[in-house]
Visitor: 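Before we start, here is the structure in question, set down as structure tokens.
All chains are named by letter (A, B, ...) in the order of the sequence lines, taking the proteins before the strands, and each is independently numbered beginning at 1.
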Amino acid sequence: MEVSNRAEGLKETYDVAGRDFSSAGAASSRIKRILQQIGVDQGIIRRIAVSSYEAEMNLVIHASNGGRITLDISPDAVTILVEDDGPGITDIKKAMQPGYSTASDEIREMGFGAGMGLPNMQSCADELEISSEPGVGTTLKMVFMNR
Amino acid sequence: MNDSAGIQARSTMTLADICKILNAEVICGEDKLDEQVTTACGCDLMSDVLAFTLPGSILLTGLTNQQVVRTAEMLDLKAVIIVRNKRPDESMVELACSKGLPILLSPYPLYECCGMLFAAGLKGCNGSVHAKDESSQKIEPAKPGEMTCGAPGLGD
């Protein structure tokens, strides 16, 4: 796909399959490539790629039905919207604490569940909003200013 | 200062130097051995790598799955070094090759690999690197090749 006209903006949504560890990261890889094609600053790309990948891993790990990641590029900002109908987060404040994780041993053996996902996203993003309802799902919105 | 591989201690080295020091086998990315590296990270937790590793570093790890390659991709890491003589699974090698990411295999354990590179002058990644305020979370770094005893701040 050609991604050329930055001024007009761009919006794409990627489906992320739950528990599919072999394709986990493919959406973030695509997002990174698009941002490189339109010439976003390397440092900003890296912050977006890291955040999007952490969020994508969360979908794969926690949301058995998976979820969606929407990339929304405007001239001023890049927004990453992550939505799922997974188990939800019971205590968001706790989940934001570095080191806190509910991931299983199986996940930890794969190198995740270090409890750095959400804290890492928060330090990377210029704005982070999270809303979650146990048993219903989670919505995470991250904004990265393009400056 | 010279290490056993006869490499002069310095803060920048090539992947070829690293191969020599770690007695490593190159699985893919042979064409990138002249790339310069200034920092390294030794870790099996990919989330910690994503949080604390400087772009352009190399990663030393005992993990051998595709997520290591994805993590390296997101951070623009220069290479992944798999320690303890582990063989990466085929899907990891395939993905690394498709991304042009060099994979090196060393027979030494993680601690030894990190120690040898550190002694040869390769620095670590100190503090959080993606934080918008880069001055935050910095601690006084240890100086490669000049460690005397214990962690910085504990011995003096």
Visitor: Donor-acceptor check, side chain of Thr38(B) to backbone of Thr12(B), threshold 3.5 angstrom: yes or no?
Guide: no

Visitor: Select one option (side chain, backbone, both, neither) describing which atoms of Gln66(B) are under 4.5 Å from chain A's heavy atoms.
Guide: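 Side chain only.
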
Visitor: For Glu12(A) and Leu71(A), indicate whether the former's side chain and the latter's backbone hold a donor-acceptor pair under 3.5 Å.
Guide: no

Visitor: Quick check against the 3.5 Å criterion: does Arg46(A) have a side-chain atom that pairs as donor or acceptor with the backbone of Met74(B)?
Guide: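 No, the answer is negative, given that no donor and acceptor are paired below the 3.5 Å cut-off.
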
Visitor: For Thr14(B) and Asp34(B), indicate whether the former's side chain and the latter's backbone hold a donor-acceptor pair under 3.5 Å.
Guide: no

Visitor: Does either side chain, that of Thr70(A) or that of Thr13(A), offer a donor lying less than 3.5 Å from an acceptor on the other one?
Guide: yes

Visitor: Identify which part of Glu109(A) has an atom lying under 4.5 Å from any heavy atom of chain B, answering side chain, backbone, both or neither.
Guide: backbone

Visitor: Of the backbone (N, CA, C, O) and the side chain (C-beta and beyond), which part of Ser22(A) lies under 4.5 Å from a heavy atom of chain B, both, or neither?
Guide: both

Visitor: So, are Glu127(A) and Lys141(A) salt-bridged, with charged N and O less than 4.0 Å apart?
Guide: no

Visitor: Does any heavy atom of chain A fall under 4.5 Å from the side chain of Thr64(B), the backbone, both, or neither of them?
Guide: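 Contact with chain A involves no heavy atom of Thr64(B) at all.
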
Visitor: Distance-only, no hydrogens or angles: does the Ser123(A) side chain make a donor-acceptor pair with backbone N or O of Asn120(A) under 3.5 Å?
Guide: yes

Visitor: Report which part of Leu45(B) has an atom under 4.5 Å of a heavy atom belonging to chain A: side chain, backbone, both, or neither.
Guide: both

Visitor: So if I take each residue of residues 78-101 of chain B and look for any heavy atom under 4.5 Å from a heavy atom in chain A, which residues do I end up with?
Guide: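 Listed by number, the contacting residues are Lys99(B).
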
Visitor: So does Lys32(B) pair up with Glu35(B), basic N to acidic O under 4.0 Å?
Guide: no

Visitor: Does any heavy atom of chain A fall under 4.5 Å from the side chain of Asp76(B), the backbone, both, or neither of them?
Guide: both

Visitor: Would you mind checking if Asp126(A) and Arg47(A) are paired as a salt bridge, meaning a charged N to carboxylate O distance below 4.0 Å?
Guide: yes

